[in-house]
S.K.: 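Dumping the structure here so I can ask a few things about it.
Excluded from the calculations below are hydrogen atoms, water molecules and symmetry mates; all remaining heavy atoms, backbone and side chain alike, are included.
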Amino acid sequence: IFECKTVGTLFLPQKEGLSARERWLAFTAVPKGIIRVDEGAKKAIESDGRSLLPVGVSGVEGSFSKGDVVSICTNDGPEFARGLSNYSSQDAEKMRGFTSEQIERA
């Protein structure tokens, strides 16, 4: 360092940090199940920051209750997000692939 040589790696702070809730969800909480989604749902979650709708769900794995942490994965990929489920695994399985209008009519 004193000889002005490049040594090590420079880590710059992020512009926005994670909230305590986001940090807990990402690094501490243990997922109770997996929700598999199509590519459209993945894009909506990652790029647009939108919530997951049943029409984008292609599979439900594990047993979880409303409010439990779940992993969000594509059909053939690893976890790309986590969230708190608004439904139990049984209800999520029943609604998967349906539009909001179809669920309201049922």
S.K.: Look only at the side chain of S58 and the backbone of R36, and say whether a donor-acceptor pair between them is shorter than 3.5 Å.
M.R.: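 Side chain of S58 to backbone of R36: a pair is present.
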
S.K.: Hey, could you give me the CD1/OH distance between I35 and Y87, rounded to the nearest 0.5 Å?
M.R.: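 Those atoms lie 11.0 Å apart.
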
S.K.: Mind listing the closest non-hydrogen atom pair of F80 and T74 along with its distance?
M.R.: CE2-N, 3.9 Å

S.K.: So, S65 side chain and D68 main chain: donor-acceptor pair closer than 3.5 Å or not?
M.R.: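 Not confirmed, S65 side chain does not pair with D68 backbone.
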
S.K.: With a 3.5 Å distance limit and no angle check, can you tell me whether D48 reaches the backbone of R50 through a side-chain donor-acceptor pair?
M.R.: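 No; zero donor-acceptor contacts below 3.5 Å.
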
S.K.: Run the side-chain contact (heavy atoms from CB on, under 4.5 Å) test on I72 and L52 for me, step by step, so that the C-alpha distance in whole Å, both residues' side-chain angles and the decisive distance to 0.1 Å come before the verdict.
M.R.: CA-CA 9 Å; I72 311 296; L52 178 59; 4.3 Å; yes

S.K.: Given side-chain contact (heavy atoms from CB on, under 4.5 Å), test L84 with R21 step by step and report yes or no.
M.R.: CA-CA 11 Å; L84 299 174; R21 181 176 185 265; 3.2 Å; yes

S.K.: Please report the closest heavy-atom contact between S89 and S63, naming both atoms and the distance.
M.R.: OG-CA, 3.5 Å

S.K.: Under 3.5 Å, side chain of R23 to main-chain N/O of T28, donor-acceptor pair present?
M.R.: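 No, the answer is negative, given that no donor and acceptor are paired below the 3.5 Å cut-off.
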
S.K.: To the nearest 0.5 Å, tell me how far N86 CG sits from M95 CE.
M.R.: 8.5 Å

S.K.: Return the minimal non-hydrogen interatomic distance between Q102 and G97, and the atom names on each side.
M.R.: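 Closest approach of Q102 to G97: OE1-O, 4.3 Å.
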
S.K.: Would you give the length of the straight line joining atom OG of S71 to atom CD1 of I34, rounded to the nearest 0.5 angstrom?
M.R.: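 That separation rounds to 5.5 Å.
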
S.K.: Check the pair K43, E46 against salt bridge (Lys or Arg N to Asp or Glu O under 4.0 Å), reporting the backbone distance first and the verdict last.
M.R.: CA-CA 5 Å; K43 180 187 176 297; E46 286 185 324; over 6 Å; no

S.K.: Are any side-chain N or O atoms of E93 and backbone N or O atoms of Q90, one a donor and one an acceptor, separated by less than 3.5 Å?
M.R.: no

S.K.: For the residue pair V69 and L25, establish whether any side-chain heavy-atom pair is separated by less than 4.5 Å.
M.R.: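 The answer is yes; the side chains approach within 4.5 Å.
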
S.K.: Could you tell me the separation between the OG atom of S85 and the NZ atom of K32, rounded to the nearest 0.5 Å?
M.R.: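 S85 atom OG to K32 atom NZ measures 12.0 Å (nearest 0.5 Å).
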
S.K.: Check the surroundings of atom CZ in F64: do more than 12 heavy atoms from other residues, nucleotides or ligands lie under 6.0 Å from it?
M.R.: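 Yes, enclosed.
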
S.K.: Among V57, V55, D91, find the one that has a side chain to side chain contact (heavy atoms under 4.5 Å, CB included) with R96.
M.R.: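 Passing option: V57.
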
S.K.: What's the spacing between E104 CD and F98 CZ if we round to 0.5 Å?
M.R.: 13.5 Å

